[in-house]
**Student:** 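The structure follows.
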Amino acid sequence: KARTGSKRSSESETRRKIKDMKEKEFVTAIVLAAGRGTRMGTKIQKQYLDLCGKPVLYYSLHAFQESPLIDEILLVTETEEYMPFAIALAHKLTRQLTKVRKILAGGAERYLSVWNGIQAAENKGCLFIHDGARPFVDEEMIERVYEQVQKEKACVVGMPVKDTIK
């Protein structure tokens with residue numbers, strides 16, 4: 001219960017901050033889910049692997065859905081073998097995730113998938129680009145990025161790397 005209470009107070013604080021802003025910029029979250037995950041060596045792409053009963057991709061989409069700062073979500077999925085699976089999953093999830101406005105085909109490379117998402121964003125306000133295989137985005141991160149973008153016009157989130165990189 002303590003966690004729920006703190007979440008509620010955080011949500012209301014976020015909503016208060018938004019009300020205090022003279023004019024909130026329109027924010028589109030472009031969630032990339034077109035990666036093949038070849039380095040991981042699994043038959044299923046990591047964004048579709050099960051994590052506590054839900055696909056990894058769900059957690060990113062859910063965080064953006066719940067954030068009052070995010071106005072719409074564009075989901076960029078695989079173009080070939082997994083496209084039917086990705087679309088079926090995305091449609092199933094979009095019943096719960098009402099901010100998902102479009103499901104797009106990705107490109108042959110990540111930068112092309114990002115470009116497809118940028119081109120599909122009808123309102124060119126603020127764009128958040130997120131890797132759907134990274135499930136730990138949260139409201140605090142979203143808020144910090146938005147605030148930094150308002151100050152500096154750009155922001156990149158980074159996390160400390162593990163010692164296992166060779």
Side-chain angles (χ1 to χ4, degrees), residues 3-4 7 10-11 14 26-146 148-149 154-162 164-165:
R3 185 173 185 194
T4 304
K7 182 179 179 186
S10 175
E11 286 175 7
T14 301
F26 190 91
V27 180
T28 300
I30 299 171
V31 179
L32 304 173
R36 292 181 182 86
T38 52
R39 289 180 300 170
M40 191 163 177
T42 61
K43 291 183 181 184
I44 298 174
Q45 298 161 310
K46 61 184 164 185
Q47 62 268 28
Y48 302 118
L49 291 173
D50 183 89
L51 178 64
C52 299
K54 293 186 172 43
V56 169
L57 174 61
Y58 170 81
Y59 297 96
S60 302
L61 293 171
H62 185 261
F64 290 122
Q65 171 70 35
E66 293 298 311
S67 175
L69 287 170
I70 304 299
D71 297 296
E72 72 175 355
I73 302 168
L74 305 181
L75 178 60
V76 183
T77 63
E78 178 63 66
T79 58
E80 298 169 12
E81 180 182 354
Y82 285 96
M83 188 66 163
F85 176 70
I87 289 175
L89 174 64
H91 282 295
K92 180 180 177 185
L93 294 177
T94 55
R95 287 187 210 124
Q96 302 163 17
L97 304 168
T98 58
K99 291 182 184 179
V100 175
R101 301 285 190 254
K102 294 179 185 173
I103 301 168
L104 313 162
E109 300 291 334
R110 182 185 307 266
Y111 74 93
L112 294 171
S113 295
V114 170
W115 181 246
N116 290 353
I118 291 169
Q119 293 301 303
E122 292 175 19
N123 186 318
K124 301 292 185 194
C126 186
L127 301 175
F128 283 30
I129 300 169
H130 181 73
D131 182 347
R134 308 283 179 244
F136 301 115
V137 63
D138 62 16
E139 183 60 26
E140 180 185 349
M141 233 182 264
I142 293 168
E143 287 177 22
R144 289 174 57 200
V145 168
Y146 183 82
Q148 195 63 31
V149 167
C155 180
V156 175
V157 176
M159 303 304 267
V161 296
K162 301 282 183 185
T164 57
I165 294 177

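Here, residue 1 is the first one in the sequence, and each next residue gets the next number. Side-chain atoms are counted along with the backbone in the values below, which use heavy atoms only and exclude waters and symmetry mates.
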**Student:** Nearest heavy-atom pair of M141 and F136: which atoms, and what distance?
**Tutor:**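 Of all heavy-atom pairs spanning M141 and F136, the closest is CE-O, 3.5 Å.
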**Student:** Given the rule in the side chain to side chain contact (heavy atoms under 4.5 Å, CB included) test, do E139 and L69 qualify, once you have shown the distances and angles that lead to the verdict?
**Tutor:** CA-CA 9 Å; E139 183 60 26; L69 287 170; 4.3 Å; yes
**Student:** State whether the number of non-hydrogen atoms from other residues, nucleotides or ligands found under 6.0 Å of Q148 atom CD is greater than 12.
**Tutor:**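 More than 12 heavy atoms, drawn from other residues, nucleotides or ligands, come within 6.0 Å of this atom.
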**Student:** With side chain to side chain contact (heavy atoms under 4.5 Å, CB included) as the test, would you mind laying out the steps for I129 and L32 before giving the verdict?
**Tutor:** CA-CA 7 Å; I129 300 169; L32 304 173; 4.0 Å; yes
**Student:** To the nearest 0.5 Å, what is the distance between CD (E66) and CD1 (I142)?
**Tutor:**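 So the gap between those two atoms works out to 10.0 Å.
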**Student:** Please report the closest heavy-atom contact between G107 and S113, naming both atoms and the distance.
**Tutor:**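 Residues G107 and S113, closest heavy atoms: N-OG, 2.9 Å.
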**Student:** Would you say R110 has more than 12 foreign heavy atoms packed within less than 6.0 Å of its CZ?
**Tutor:**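 Counting neighbours around CZ of R110, 12 or fewer heavy atoms of other residues, nucleotides or ligands fall under 6.0 Å, so no.
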**Student:** Test S67 against Y146 for side chain to side chain contact (heavy atoms under 4.5 Å, CB included), laying out the working first.
**Tutor:** CA-CA 11 Å; S67 175; Y146 183 82; over 6 Å; no
**Student:** Could you report the tightest heavy-atom contact between N116 and A105, atom names first, then the distance?
**Tutor:**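 Distance-wise, the nearest heavy atoms are ND2-O, 2.9 Å.
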**Student:** Between C155 and V149, what is the shortest heavy-atom contact and its length?
**Tutor:**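 For C155 versus V149, the nearest heavy atoms are CB-CG2, 3.8 Å.
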**Student:** Please round to the nearest 0.5 Å and tell me the distance separating atom CG of L127 and atom CD1 of I118.
**Tutor:**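 Between atom CG of L127 and atom CD1 of I118 there are 6.0 Å.
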**Student:** Is the closest basic N to carboxylate O distance between E122 and R101 below 4.0 Å?
**Tutor:**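 Here E122 does not pair with R101 in a salt bridge, since their nearest N and O are not under 4.0 Å apart.
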**Student:** Do the rings of H130 and F64 sit parallel, tilted or perpendicular, given the 30° and 60° boundaries?
**Tutor:**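 Correct class here is perpendicular.
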**Student:** Of the options N123, T28, T98, which is the one that meets E72 in a side-chain hydrogen bond (donor to acceptor under 3.5 Å, both in side chains)?
**Tutor:**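 Passing option: T28.
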**Student:** Please find the pair of heavy atoms, one from I70 and one from K99, that lie closest to each other, and give the distance.
**Tutor:**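 That would be O-NZ, 2.7 Å.
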**Student:** Closest approach of G117 and L104, non-hydrogen atoms and distance?
**Tutor:**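 Closest pair (atom of G117, atom of L104, distance): CA-CD1, 3.8 Å.
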